[in-house]
Amino acid sequence: MDTPQLKPVHDVPDIDLDDIDKLLESLSPEELEELNGDFDPDNSLLPPSQRMKNQTSKAPTGPYQRQKLLEFLEKKAKEEKDWEQNKPFVKEIRGKIYKPKEEPRSKEEEQHLETEWDDILTQASEEELVDLAAVLGFHGMLNQTQYYAGLDNVKLEGGGFQGVAKAAELIKVPDEPPNKTDVEESLKRLRDNDSKLTHLNLNNIKNISVERLIEVCDTLKTNTALETLEMASVHMTDKVAKKLAEALSENKTLKVLNVESNFISGESIVELMKAINKNQALQELRVANQKPEVLGNKVEMALVKLIGENSNLLRFGIALEYPDARVRIHEKLQENNDNLRKKRVGKD
């Protein structure tokens with residue numbers, strides 16, 4: 001078989017673009033149609049409408065109407081004849097019907113003996129069974145309200161094992177009674193150095209003036225009977241705290257001082273601690289919850305140094321920010337308590 005000989009490339013004549021019109025005129029209608037349909041559908045440089053010629057020869061029937069198209073398809077489907085079935089449909093059940101296996105009975109069930117309690121439990125109501133479950137401690141079967149009601153022998157209406165736990169009513173705690181301490185009388189007894197006045201409570205008295213607080217502090221310089229002084233939440237400021245520091249530097253009998261919830265700055269707390277260290281008679285100092293909550297590293301380190309020099313302070317109430325200061329103060333207070341315990345039991 002003879003194979004067709006391809007013409008060499010140099011024998012193909014060059015096409016002159018100026019003669020393109022003559023070449024198109026020489027083509028037949030079929031060749032022109034084929035030429036017009038030669039497009040590249042993947043050419044992204046052409047718009048989608050130009051990547052392939054329109055091959056629909058049918059004239060358009062109008063704009064797209066979805067409802068009209070659905071009605072046409074439904075009508076056509078009804079008019080067409082169904083396919084003939086080669087085999088008529090007959091309901092058949094194939095295979096075996098599943099039957100669950102019977103679980104083997106345990107030895108306890110086989111050896112179970114009927115007792116008088118069986119009839120009692122069978123005839124008991126659900127509320128009685130709930131009480132019994134609470135007494136026996138079956139927590140998983142009851143909610144919290146039912147459990148504690150069964151323990152306290154409190155009857156609950158309705159619910160049963162499907163009961164819903166309701167929130168208990170809040171217990172109203174009465175407000176603390178107002179502090180009825182007579183400030184003027186207490187001042188007089190402090191000035192007179194009354195031996196019976198060993199504990200003075202001025203907590204939460206809001207109407208004490210700054211002058212009265214300063215007078216209370218001044219009386220500590222000469223008083224030798226008072227051992228506990230509580231002045232929490234009395235609107236104490238740095239002015240009063242400085243007077244208190246001056247009094248503590250001279251007082252040798254005060255054991256407990258509480259000035260929490262006031263307006264004392266960190267610098268004034270340091271001054272109080274310096275005054276306490278002069279006599280080292282105070283055993284408990286409470287200065288927490290002041291208005292300037294953050295003391296700062298400088299104040300906290302100063303307190304660490306001062307407490308390290310005090311061997312008699314046993315309790316110190318304050319909120320510290322830095323863990324280092326907190327740990328070192330705690331260790332020093334624990335050491336003071338250990339030394340006191342050793343003295344009490346007679347050890348060196």
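Computed from a prediction, not measured in an experiment: that's the story for all the values here.
- Side-chain contact between Arg286 and Glu230: absent, with no pair of heavy atoms (C-beta onward) separated by less than 4.5 Å.
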Exercise for the section: Please report the C-alpha distance between Lys305 and Glu309 in whole Å, then the side-chain angles of each, then the deciding distance to 0.1 Å, and finally whether the salt bridge (Lys or Arg N to Asp or Glu O under 4.0 Å) criterion is met. Expected result: CA-CA 7 Å; Lys305 182 180 178 181; Glu309 299 171 355; 5.0 Å; no
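- Expressed to the nearest 0.5 Å, how far CD of Gln283 lies from CG of Leu340 amounts to 7.0 Å.
- Surrounding NE2 of His330 are at most 12 heavy atoms belonging to other residues, nucleotides or ligands under 6.0 Å away.
- A salt bridge links Arg328 to Asp324: one of the charged nitrogens lies within less than 4.0 Å of a carboxylate oxygen.
- Look at Glu300 and Arg326 and you find no salt bridge, because none of the NZ, NE, NH1 or NH2 atoms lies under 4.0 Å from a carboxylate O.
- Rounded to the nearest 0.5 Å, atoms CG (Leu229) and CG (Leu282) are 10.0 Å apart.
- Nearest heavy-atom pair across Ala288 and Ala319 is CB-N, 4.4 Å.
- Expressed to the nearest 0.5 Å, how far NZ of Lys188 lies from OG1 of Thr219 amounts to 14.5 Å.
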Practice task
Test Asn310 against Asn277 for side-chain hydrogen bond (donor to acceptor under 3.5 Å, both in side chains), laying out the working first.
Solution key: CA-CA 6 Å; Asn310 193 310; Asn277 281 2; 2.9 Å; yes
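- For the pair Asn203 (side chain) and Ala232 (backbone), a donor-acceptor distance under 3.5 Å is present.
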Problem - Chi angles and distances behind the side chain to side chain contact (heavy atoms under 4.5 Å, CB included) call for Leu257, Leu244 - result: CA-CA 10 Å; Leu257 176 61; Leu244 181 61; 3.9 Å; yes
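- Ionic pairing of Glu103 and Lys101 is not present here: no N-O contact between side-chain nitrogen and carboxylate oxygen is shorter than 4.0 angstrom.
- Contact between Leu333 and Leu313 at its shortest, heavy atoms only, is CD2-O, 3.5 Å.
- Distance check, rounded to the nearest 0.5 Å: SG of Cys217 to CG of Leu190 gives 10.5 Å.
- Of all the heavy atoms in Val287 and Glu260, the pair that sits closest is N-CG, 4.0 Å.
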Problem - Derivation of the side chain to side chain contact (heavy atoms under 4.5 Å, CB included) call for Val270 and Leu303 - result: CA-CA 6 Å; Val270 173; Leu303 290 174; 4.1 Å; yes
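- Leu213 and Met236 make their closest contact through CD1-CA, 4.4 Å (heavy atoms, listed as atom of the first residue, atom of the second, distance).
- Side chains of Asn279 and Asn251 form no contact here, defined as non-hydrogen atoms less than 4.5 Å apart.
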Practice task
Show your working on salt bridge (Lys or Arg N to Asp or Glu O under 4.0 Å) between Glu293 and Lys291 and close with a plain yes or no.
Solution key: CA-CA 6 Å; Glu293 297 179 358; Lys291 187 60 176 177; over 6 Å; no
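- Checking Lys274 against Ser249 by side-chain atom types alone, no donor-acceptor pair falls below 3.5 Å.
- The minimum heavy-atom distance linking Ala281 with Asn312 is given by the pair O-ND2, 3.3 Å.
- With sequence neighbours excluded, no residue forms a salt bridge (charged side-chain N to carboxylate O under 4.0 Å, His left out) with Glu321.
- Placement of Leu254 and Ile214 within a single hydrophobic cluster is found when ILVMFWY residues are connected by side-chain heavy-atom separations under 4.5 Å, directly or transitively.
- Under the 4.5 Å side-chain heavy-atom criterion for grouping Ile, Leu, Val, Met, Phe, Trp and Tyr, Val216 is connected to Val210 within one hydrophobic cluster.
- Taking 4.0 Å as the cut-off between side-chain N and carboxylate O, Glu215 and Arg191 count as a salt-bridged pair.
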Practice task
Let me see the working for Glu250 and Lys278 under salt bridge (Lys or Arg N to Asp or Glu O under 4.0 Å), right down to the final yes or no.
Solution key: CA-CA 8 Å; Glu250 301 181 18; Lys278 290 184 178 181; over 6 Å; no
Problem - side-chain hydrogen bond (donor to acceptor under 3.5 Å, both in side chains) between Ser233 and Lys206, worked out - result: CA-CA 8 Å; Ser233 186; Lys206 305 298 183 182; 2.4 Å; yes
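- Connection of Leu306 to Leu295 is established within a shared hydrophobic cluster, with ILVMFWY side chains joined at heavy-atom distances below 4.5 Å, either directly or through further cluster members.
- The closest donor-acceptor contact from the side chain of Glu185 to the backbone of Asp182 lies at 3.5 Å or more, if one exists at all.
- Using a 4.5 Å heavy-atom cutoff, the side chains of Leu285 and Met273 are in contact.
- Ile269 has its side chain out of reach of Val299: every pair of non-hydrogen atoms, C-beta onward, lies at least 4.5 Å apart.
- The CG atom of Asn204 sits 7.0 Å away from atom CD of Glu176, with the distance rounded to the nearest 0.5 Å.
- Heavy atoms only, all atoms of each residue included: Ser26 and Leu23 are closest at OG-O, 2.6 Å.
- In the hydrophobic cluster analysis, where Ile, Leu, Val, Met, Phe, Trp and Tyr join through side-chain heavy atoms closer than 4.5 angstrom, Val234 is grouped apart from Val256.
- When hydrophobic clusters are built by joining Ile, Leu, Val, Met, Phe, Trp and Tyr residues whose side-chain heavy atoms come closer than 4.5 Å, directly or via intermediates, Phe316 is not grouped with Leu314.
- The shortest distance between side-chain heavy atoms of Leu69 and Tyr64 falls below 4.5 Å.
- Judged by distance alone, the side chain of Asn262 and the main-chain N or O of Val259 form a donor-acceptor pair under 3.5 Å.
- Salt bridge annotation for Glu246-Lys242: absent, with no cationic side-chain nitrogen under 4.0 angstrom from a carboxylate oxygen.
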Practice task
Under the side-chain hydrogen bond (donor to acceptor under 3.5 Å, both in side chains) rule, what do Thr181 and Asn201 come out as? Steps first, then yes or no, please.
Solution key: CA-CA 7 Å; Thr181 303; Asn201 183 5; 5.7 Å; no
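- For the atom pair CG of Asn258 and CD of Glu284, the computed distance is 7.5 Å after rounding to the nearest 0.5 Å.
- Remark: Glu79 does not engage Lys76 in a salt bridge, criterion side-chain N to carboxylate O under 4.0 Å.
- Hydrophobic clustering, defined by side-chain heavy atoms of Ile, Leu, Val, Met, Phe, Trp and Tyr closer than 4.5 Å, leaves Trp83 isolated from every other such residue.
- For the residue pair Thr222/Asn193, the side-chain donor-acceptor check at 3.5 Å is not satisfied.
- Counting only heavy atoms from C-beta outward, the side chains of Phe263 and Gln290 never approach each other to under 4.5 Å.
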